[in-house]
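Lettering follows sequence order; numbering is per chain, from 1.
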Amino acid sequence: MSTPSSGPSSGPGPSGKNGLRTLKYVDAIAEALAQEMELDPSVFLFGLDVDDHKAIQGSTRGLLQRFGAERVFTTPLSEDAMTGVAIGAAMAGMRPVHVHIRMDFLMLCMNQLVNIAAKARYMYGGQVKVPMVVRSMIGKSWGQGAQHSQGLHSMFMHVPGLKVVAPSNAHDVKGCLIAAIRDDNPVIFVEHRLLYGTEANVPEEPYVQEFGKARVARKGKDITLVGISNMLVECLRAAELLHEAGIEAEVIDPISLVPLDFATILASASRTGRLLVVDNAWTNCGASAEILARTAESADRAILMRRMGFAPTTCPTSPPLEALFYPNPATIATQARRMIEPKAPEWDPNSERAKLAYQTQFRGPF
Amino acid sequence: MLPEADLARIYRSLRLIRRAEEETARIYPSDRIKSPVHLAIGQEAVATGICDPLRPEDVVAPTYRSHALYLAKGGSLRGMMAEMYGKATGVAAGKGGSMHLIDAARHVLGASAVVGTTIPLAVGYALALKREGKGRVAVALFGDGATEEGVFYESLNFASLHRLPVLFVCENNGFAIHTPLAKRWASEKLCDRAAGFGLPTTRIADGDVLAIRESAAGYVEKMRKRESGPAFMECLTYRWREHVGPAEDYDAGYRPHSDLEAWQKTDQVARIGGMLKAEARAKVDAAIEAEIADAVAFAEQSPWPDPKELTADVYA
Ligand SMILES: Cc1ncc(C[n+]2csc(CCOP(=O)(O)OP(=O)(O)O)c2C)c(N)n1
């Protein structure tokens, strides 16, 4: 078995025509945007601060210089109206990409997204389409706290008419963003701040990562781990810890949540007999609840199921409390092992080994 | 000129904010404050001028750039430092950090990191205070960026409709993060927009803390006596440091250093300090240094929250 210690770079991607390069998640986003804007003049990029020198942590870097202020522009702080503007422009035939530096700010966009964007195609009898992308980032650590840390993807998964994708590595983020821009539906594009610095092999030419296709990021026979967004990275590290304890975990990256490649998850869980879903969000009514419910409905053998996510509380800023708020490789591995060896003695995976590079590298304030 | 005692009180507020913020910036690179700090250095005059005429029982609603308003209203410095350190003794039990300061005893409402969200909360308080009938007032402080949110206009309209005792104060520092007004406002006439909802307005362009104080005092007095409904003030000011974090960022190129120098010429901390006798000023300064040193020591020595706190207070 391979040991994907480099995380995401191990799994993804056929090799491209121009060969593979290593690219950061953040640069892969910028590259996808540039390539689609080059290809299709109806694509434009807007949202608070997309055109300043920080360029949304670098993910919109160079686009203003290349495509000009008519296609790359900031907005007033008016998320509700700007979402409506994106929808109107999309209905008129353009392909807006609307950017929010935090997923929490999508709460100001809810009415337009849920009541118009999601429904227009259907309630207007197929007369219109809303090809728009809503990019936003989940924040974590350094005291982001209650309102800068939320993973709210399940709220959007709940509503028919919206697609929801949460790529976990640089390869997928490029392919998914291109697919999202070309999609004729509103796509909620979920990024994670701590993934921005992670690297993977990324083909130079444009490519589409088809929605509704999960990836088996690591093969294993004993238990199936499903990791959503950056929890995929944490699951891969947990799988290494488990390997040291003689347990082989299969790790699945759903990549897109709506549509969801449930068949791949079910097939794996049916084989291993155990399913642990780890989400970068609360478990209550969350993506993990949905995956477990569907497994319970569809499996034709007994499968032991568990899920992990944010603690059922508001995200605290105090570092020791914040550490308890999130699943991490050690808690994931411990939970997985308990599912396999319920009678095993208490296990404390080596905490140094459990650390992820991005957790030690990231420094505030933002 | 104001009596010496008034000047000393105003100076104390300005200087305390300035020095507490500088101290926060000094500590920050040590990573002991793991909280995004939006410093108010340069903007002290607005909070100080607005709060000076307020009574302890009046209510203020801050934003995430809250340190100045919080301190000007008498918020606990110990509690603020401990909160930024994430300690159990913080004003929000270490759960909120710099962006969510609160001091219920001093009637500082909780701060929010989502721009514009506390404006209607001040209006709601004003609704309750009007019913209470004791002449208390509420003040909403917010940045120029917040005036772009629909909730701002909706709040002005409702407050005016119900003649609520709320003073709206825009701290216009010219930028939302790095984006200047010219890229966000179709018209600079913010006061005209508020006047459109029937509010009396005042624009103070030079950062004069005494002018801000006088204007706020006038509005607040009328509201207390129910002689007027809500009022609106726009106070121009300047943020000396980066949007979030401890450093300066003039090398980023979005604003010239000469703008800073112009504002520094009218720095209100120095100006009001200069109106005091040297001895009186030295006394205030020494007391502030002691207070800050005490607050930092308090934060450092305070315990971390108990792990049980993780799930406490999700519900009342
Ligand atoms: C609703 C919302 N949109 C965007 C942001 C990101 N953001 C944080 S501060 C800020 C600028 C706010 O500017 P202003 O209101 O003028 O206040 P200042 O920071 O200058 O004090 C932005 C856009 C946010 N926190 N909330």
Asker: Please state whether the side chain, the backbone, both or neither of D52(A) comes within less than 4.5 Å of a heavy atom of chain B.
Answerer: side chain

Asker: Report the relative orientation of the aromatic rings in F46(A) and H98(A); use parallel for angles under 30°, tilted for 30 to 60°, perpendicular for over 60°.
Answerer: parallel

Asker: Taking 4.5 Å as the heavy-atom cut-off, does anything in residues 93-102 of chain B contact chain A, and if so which residues?
Answerer: G94(B), K95(B), G96(B), G97(B), M99(B), H100(B)

Asker: Please check: side-chain N/O of T60(A) versus main-chain N/O of V50(A), any donor-acceptor pairing under 3.5 Å?
Answerer: yes

Asker: Quick one: does R135(A)'s side chain have a donor or acceptor within less than 3.5 Å of a partner on E191(A)'s backbone?
Answerer: no

Asker: Could you check, using the six-membered ring where one of them is a Trp, whether Y254(B) and H243(B) have ring centers closer than 6.0 angstrom?
Answerer: no

Asker: Counting N and O atoms only, with roles assigned by atom type, does the side chain of W282(A) sit under 3.5 Å from a partner on the main chain of A311(A), one being a donor and the other an acceptor?
Answerer: yes

Asker: Quick check: under 4.5 Å, non-hydrogen atoms only, which of residues 78-89 of chain B neighbour chain A?
Answerer: E83(B), Y85(B), G86(B)

Asker: Between R61(A) and D27(A), does a salt bridge (charged side-chain N to carboxylate O under 4.0 Å, His left out) hold up when you go through it step by step?
Answerer: CA-CA 8 Å; R61(A) 178 128 20 245; D27(A) 299 325; over 6 Å; no

Asker: Strictly distance-based, threshold 3.5 Å: is any side-chain N or O of R32(B) a donor or acceptor partner for the main-chain N or O of I27(B)?
Answerer: no

Asker: Non-hydrogen atoms of chain A under 4.5 Å away: do they reach the side chain of P29(B), the backbone, both or neither?
Answerer: backbone

Asker: Examine whether an atom of L48(A) lies under 4.5 Å from a heavy atom of chain B, and if so say whether it belongs to the side chain, the backbone or both; otherwise answer neither.
Answerer: neither

Asker: Okay, side chain of T118(B), backbone of P62(B): is any donor-acceptor separation there less than 3.5 Å?
Answerer: yes

Asker: Can you name the residues of residues 300-316 of chain B that have some heavy atom under 4.5 Å away from a heavy atom in chain A?
Answerer: W304(B), P305(B), D306(B), P307(B), E309(B), L310(B), T311(B), V314(B)

Asker: Check this for me: does any side-chain nitrogen of one of E234(A) and K140(A) sit under 4.0 Å from a carboxylate oxygen of the other?
Answerer: yes

Asker: How about R241(B): does its CZ atom have over 12 heavy atoms from other parts shown lying under 6.0 Å from it?
Answerer: yes

Asker: Has S187(B) got a side-chain atom pairing as donor or acceptor with K189(B)'s backbone, closer than 3.5 angstrom?
Answerer: yes

Asker: Tell me if the centroids of the rings in Y25(A) and Y196(A) come within less than 6.0 Å of each other.
Answerer: yes

Asker: Between Y125(B) and V60(B) (side chain of the first, backbone of the second, donor and acceptor by atom type, cut-off under 3.5 Å), is there such a pair?
Answerer: no

Asker: Please rank V115(B), V37(B), V114(B), D31(B) by heavy-atom pairs under 4.5 Å with chain A and give me the top one.
Answerer: D31(B)

Asker: Between E149(B) and T147(B) (side chain of the first, backbone of the second, donor and acceptor by atom type, cut-off under 3.5 Å), is there such a pair?
Answerer: no

Asker: In residues 77-87 of chain A, which residues are in contact with chain B at a heavy-atom separation under 4.5 Å?
Answerer: L77(A), S78(A), E79(A)

Asker: Could you pull out the closest heavy-atom pair between P329(A) and A238(A), with the gap in Å?
Answerer: O-CB, 3.5 Å

Asker: Backbone N or O of L292(A) within a donor-acceptor pair of the R307(A) side chain at under 3.5 Å?
Answerer: no

Asker: Ring-plane angle category for F105(A) and H148(A), please: parallel below 30°, perpendicular beyond 60°, tilted otherwise.
Answerer: perpendicular

Asker: Using the six-membered ring wherever Trp is involved, compare the ring planes of F197(B) and Y153(B) and label them parallel, tilted or perpendicular (cut-offs 30° and 60°).
Answerer: tilted

